[in-house]
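These notes are about the structure you will find just below.
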There are 2 protein chains.
Amino acid sequence: MKFEAVTIKDIARELGISTSTVSRALRDSYEISAETKRIVLECAEKLHYTPNPIALSLKEKRSRSIAVVVCEIANSFFSQVINGIESIAYNKGYNVIISQSHESFEREVTDLQFLASRSIDGLIISVSSETENMEHLKKLFYKGLPIVFFDRVSEEMDTHLVMVDNFNSAYKATVHLIENGYKTIACLTNSAHLSITKERIAGYKKAIEDSGELVNEDLIKYCNHGGVHADETEKAMNELINLEKRPDAIIGLSDKLTTGALRFLQKQGISIPKEMGLIGFSNGEFTEFLNPSLSIIRQPAFKMGQTAIELLLAVIESKRPVQEFTRCVLETELIVRDSTSRNK
Amino acid sequence: MKFEAVTIKDIARELGISTSTVSRALRDSYEISAETKRIVLECAEKLHYTPNPIALSLKEKRSRSIAVVVCEIANSFFSQVINGIESIAYNKGYNVIISQSHESFEREVTDLQFLASRSIDGLIISVSSETENMEHLKKLFYKGLPIVFFDRVSEEMDTHLVMVDNFNSAYKATVHLIENGYKTIACLTNSAHLSITKERIAGYKKAIEDSGELVNEDLIKYCNHGGVHADETEKAMNELINLEKRPDAIIGLSDKLTTGALRFLQKQGISIPKEMGLIGFSNGEFTEFLNPSLSIIRQPAFKMGQTAIELLLAVIESKRPVQEFTRCVLETELIVRDSTSRNK
DNA sequence: TTGTACGCGTTATCAC
DNA sequence: GTGATAACGCGTACAA
């Protein structure tokens with residue numbers, strides 16, 4: 001059941017030399033004669049020697065693995081981010097360990113505890129929608145674990161952040177709805193305490209106000225689990241369509257919520273974009289082919305992942321403590337399609 | 001930059017006792033007095049002691065981590081399988097390390113080499129579309145690494161396999177097209193050497209033959225990278241629609257190919273299902289809301305993941321060498337929607 | 001009941 | 001140019 005691990009000792013015994021010589025020869029040390037190196041290398045080849053990374057980790061106090069915690073990998077945005085992370089991590093010889101919180105704070109805490117106990121060298125995280133208290137992360141951070149936040153960030157620690165221009169993205173999308181003649185724009189969003197929620201809601205409100213209207217809080221529905229459970233979105237949507245003044249457009253402030261709204265409207269037979277306009281954040285691959293094709297705000301997910309891992313590795317591999325942290329804000333793309341063209 | 005790792009040594013020093021006493025006290029050994037245990041536990045708590053898993057791994061020769069290799073995680077089928085794997089692995093205290101081959105044989109080999117060198121305890125894999133030669137896997141397998149294949153399996157090793165009834169699934173889907181009046185049914189599929197391709201193609205052919213028709217090989221297009229590059233699918237589709245006898249239906253034998261075909265037909269303005277019927281394997285979440293809604297063959301992906309990890313952990317944790325291996329075949333679900341109802 | 005010594009695989013630091 | 005030894009953190013056989 002186990003690898004019959006060939007070690008440096010086996011080579012040493014086979015060749016009748018010491019382990020230190022073997023070690024040095026394998027590492028191509030200058031103090032070893034060319035001849036000895038040749039023999040050792042040959043023997044290592046023959047025995048299929050592979051160094052044991054665990055022994056190395058024990059010595060070096062690093063595992064060359066980093067953890068990524070997201071709420072859900074079966075979500076295009078996050079899987080694209082992970083692709084970005086992975087594309088760079090593997091080239092640099094790091095393992096990526098992926099963990100899902102499923103939007104549960106409890107799960108996030110236990111996962112993190114587990115990961116930390118497995119000696120990860122660093123962490124990239126987008127916190128769960130339930131996460132308000134950051135103590136679990138602070139504890140790790142002040143113990144010396146390098147952390148990079150992305151998407152749903154926390155400003156409570158002095159570290160790197162990678163996000164998009166949430167305010168502007170929501171602003172642009174809302175303005176787009178207004179310009180297309182929608183009057184009563186409702187908003188489906190995540191937990192109120194999340195960074196992305198605050199910023200996006202602020203953008204939405206600003207756009208409403210700039211158009212000379214008053215913000216109606218009844219039109220803002222908070223889904224505390226980001227729509228991972230369909231009934232959450234359904235409940236919110238039901239409340240919206242039963243309002244005295246029924247909204248004529250919806251903006252979904254995250255992937256699951258946007259598609260959840262679409263799903264709901266389709267089931268109810270409410271026509272998009274005639275009866276109800278729909279736009280939202282989404283990195284889904286098929287928004288273009290949905291019925292109707294969906295207007296979206298697309299985040300540069302792959303790029304976000306790359307940025308996050310680059311920042312993290314820089315911290316991990318830095319000799320001296322890192323003092324300067326960046327707050328990296330990327331641009332989103334507004335893609336206009338049929339779901340918001342009222343006159344179609 | 002490092003965890004200031006508290007070790008049992010620190011506790012021993014603090015308490016003026018030996019490390020072995022500490023070790024035993026922490027493991028609640030019967031030979032330690034209740035009083036000593038209390039003191040040690042208290043001190044461990046105070047110092048925020050956490051055991052070093054790397055040292056443990058070195059001793060126990062196991063890392064409590066398993067690797068999953070798939071072609072792409074940004075693919076609903078695979079992310080659902082991974083969810084299934086992860087749901088059980090974490091409960092049992094195993095880390096899941098995910099690696100993507102991106103349908104490249106070379107990448108698969110280097111990834112695997114890397115993973116093996118990091119001392120994984122087991123492997124769950126769906127091979128890349130380029131993988132014909134299994135030597136890299138055999139080498140690891142005969143070295144003692146427990147392996148479970150799923151989806152794209154290899155029968156060259158005596159180990160657990162988890163798959164769906166590919167033959168029947170393709171057969172049912174093809175029959176469905178025939179029954180709906182489609183006459184010339186083309187087939188978009190993966191590399192010819194993959195297990196899933198062989199079985200699915202066989203089911204497709206059988207259905208054609210059972211209907212009294214002859215199989216036309218020109219109607220079968222092999223995409224050697226499973227459609228990860230859009231141009232691959234486009235090329236195949238172009239060839240199909242330019243055939244002298246243009247097919248009136250397409251069956252996609254994998255997720256990317258099915259949605260790729262849809263994308264192509266939409267762009268070309270070929271109407272589905274009138275001009276061209278479309279059905280295929282897909283675990284996408286929005287096939288229902290595509291335009292037109294897509295008839296699909298859905299695999300029990302989550303269940304497949306769970307099955308695979310359960311089989312793998314059984315092997316890993318078995319005391320004696322496992323001799324009996326299962327060939328687990330699950331059923332798929334045929335979901336009929338608009339893309340195959342010719343008279344709509 | 002507790003302590004000593006060793007081994008897991010590797011490398012760095014001495015000594016020869 | 002090469003060998004012996006200690007150290008990384010932990011568990012355990014053996015000694016006391």
Side-chain angles (χ1 to χ4, degrees), chain A residues 1-41 43-44 47-64 93 116-121 143-144, chain B residues 1-41 43-44 47-64 93 116-121 143-144:
Chain A
M1 291 308 82
K2 295 273 161 59
F3 280 84
E4 30 159 75
V6 175
T7 76
I8 221 169
K9 264 187 191 161
D10 298 317
I11 301 180
R13 192 179 324 112
E14 177 88 5
L15 260 36
I17 59 180
S18 81
T19 57
S20 34
T21 304
V22 175
S23 170
R24 274 182 287 223
L26 290 172
R27 320 198 74 234
D28 202 24
S29 161
Y30 66 96
E31 26 186 18
I32 299 292
S33 73
E35 178 58 9
T36 311
K37 280 182 189 168
R38 202 185 52 73
I39 298 179
V40 170
L41 253 25
C43 183
L47 296 176
H48 300 109
Y49 167 80
T50 43
N52 180 329
I54 299 207
L56 259 169
S57 294
L58 183 58
K59 262 201 98 62
E60 294 182 0
K61 295 179 186 293
R62 59 179 348 212
S63 59
R64 284 197 159 274
S117 83
R118 315 269 336 180
S119 323
I120 50 170
D121 293 344
K143 253 187 164 180
Chain B
M1 292 308 79
K2 296 273 161 60
F3 280 85
E4 29 159 74
V6 175
T7 75
I8 53 176
K9 257 186 196 164
D10 299 316
I11 301 180
R13 194 180 323 114
E14 177 89 6
L15 262 36
I17 58 179
S18 82
T19 57
S20 43
T21 305
V22 175
S23 169
R24 274 182 285 226
L26 290 171
R27 320 199 75 235
D28 201 24
S29 160
Y30 65 96
E31 24 185 19
I32 300 292
S33 73
E35 177 59 7
T36 311
K37 279 182 190 169
R38 202 184 54 72
I39 299 179
V40 170
L41 252 24
C43 183
L47 266 40
H48 299 110
Y49 167 81
T50 43
N52 180 330
I54 298 204
L56 258 169
S57 294
L58 185 57
K59 257 201 101 62
E60 294 182 358
K61 294 176 185 294
R62 61 181 342 215
S63 57
R64 286 192 96 72
S117 83
R118 314 269 335 179
S119 323
I120 51 169
D121 292 345
K143 254 187 164 180

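Residue numbers start from 1 in every chain, and the chains themselves are labelled A, B, ... in the order their sequence lines are given, proteins ahead of strands.
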Checklist outcome for this item: Under a 4.0 Å heavy-atom criterion, the protein footprint on nucleotides 10-16 of chain C, written with B, S and -, is BBBBB--
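- Annotation: side-chain contact (heavy atoms from CB on, under 4.5 Å) contacts of A:I39 (sequence neighbours excluded): A:L15, A:E35.
- The nearest pair of heavy atoms linking A:T36 to A:S33 is OG1-OG, 2.7 Å.
- Separating the SG atom in A:C43 from the CD1 atom in A:I11 is a distance of 5.5 Å, to the nearest 0.5 Å.
- Boundaries of the chain B contact region on DNA chain D are D:dC8 to D:dC14, first to last in 5' to 3' order (nucleotide atom under 4.0 Å from a heavy atom).
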Side-chain donor-acceptor pairs under 3.5 Å in residues 47-55 of chain A, sequence neighbours left out?
{"from": "A:N52", "atom 1": "OD1", "to": "A:I54", "atom 2": "N", "distance (Å)": "2.7"}
{"from": "A:N52", "atom 1": "OD1", "to": "A:A55", "atom 2": "N", "distance (Å)": "3.2"}

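- Taking every heavy atom of both residues into account, B:S18 and B:A12 meet most closely at C-CB, 3.8 Å.
- Here the side chain of B:S29 pairs no donor or acceptor atom with the backbone of B:I32 at under 3.5 angstrom.
- Using a 4.0 Å heavy-atom distance criterion, B:I54 is classed as making no nucleic acid contact.
- Separating the CG atom of A:L47 from the P atom of C:dG9 is a distance of 14 Å, rounded to the nearest angstrom.
- Partners of B:K59 by side-chain contact (heavy atoms from CB on, under 4.5 Å), not counting sequence neighbours: none found.
- When all heavy atoms of A:L41 and A:A25 are compared, the pair lying nearest together is CD1-O, 4.5 Å.
- The distance from atom CZ of A:R64 to atom CG of A:D121, rounded to the nearest 0.5 Å, is 8.0 Å.
- To the nearest 0.5 Å, the span separating OG1 on B:T19 from CZ on B:R24 amounts to 9.0 Å.
- Using a 4.0 Å cut-off on heavy atoms, the residues of residues 33-41 of chain A that approach DNA chain D are A:S33, A:T36, listed by number.
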